[in-house]
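I have placed the structure first, in the form of structure tokens, so that the comments after it can refer back to it.
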Amino acid sequence: MKQLALIPNKTISKKEIKMLEDYWAIEENNRIEIFVLTNNEFLKKYIDTGYFSNLRNIEILAIYQVEECNVCLNSFNIVINDRAHLESYSQSKNKCCRVCGHFQSSIENSKQ
Ligand SMILES: [Zn+2]
């Protein structure tokens with residue numbers, strides 16, 4: 001999965017952008033993507049900054065590209081809400097694009 005964009009719901013400062021980039025930064029380790037900063041490291045780095053508390057008020061959408069849909073094999077984009085979502089989704093075996101996710105059961109039924 002590849003990060004395409006981070007889209008905050010309002011205008012934020014450069015420092016806040018840097019903080020959010022740190023929050024979302026991932027690196028590959030033996031083909032497994034992990035966060036560059038652990039939750040604790042992130043907290044330690046930013047807890048004393050004035051803008052950390054703003055994190056609560058910023059909604060951010062992270063757009064990720066998934067290489068391959070399990071059904072149609074096309075790459076597709078997905079919106080990720082937070083770190084926990086990214087972790088669970090990247091480990092999920094069933095990655096489906098929006099079209100296949102919605103219509104998979106109907107497609108399977110119509111084949112029978
Ligand atoms: Zn698909």
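This structure is a prediction, so every number in the text was calculated from the model and none was measured. Counting starts at 1 for both ligands and their atoms, in listed order.
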Report task. List the steps, then state whether side-chain contact (heavy atoms from CB on, under 4.5 Å) holds for Asn57 with Lys10. Result -> CA-CA 9 Å; Asn57 303 317; Lys10 57 182 177 183; 3.7 Å; yes
Parallel, tilted or perpendicular: which fits the ring planes of His85 and Tyr89, with parallel below 30° and perpendicular above 60°?
-> perpendicular
**Request:** Please examine the side chains of Gln3 and Ile63, heavy atoms only from C-beta on, and report whether any two atoms are closer than 4.5 Å.
**Result:** no
### Message
In the structure I gave you, are the side-chain heavy atoms of Val99 and His102 within less than 4.5 Å of one another anywhere?
### Response
no
At a cut-off of 2.8 Å, protein N/O/S around the Zn ion (ligand 1) gives Cys69 SG, Cys72 SG, Cys97 SG, Cys100 SG
Assess the residue pair Lys44 and Asn40 against the criterion (side-chain contact (heavy atoms from CB on, under 4.5 Å)); give the C-alpha distance rounded to whole Å, side-chain angles, the decisive distance to 0.1 Å, and a yes or no. CA-CA 6 Å; Lys44 228 173 163 180; Asn40 279 342; over 6 Å; no
Hey, what's the ring geometry for Phe42 with Tyr23, parallel, tilted or perpendicular (30° and 60° as the breaks)? perpendicular
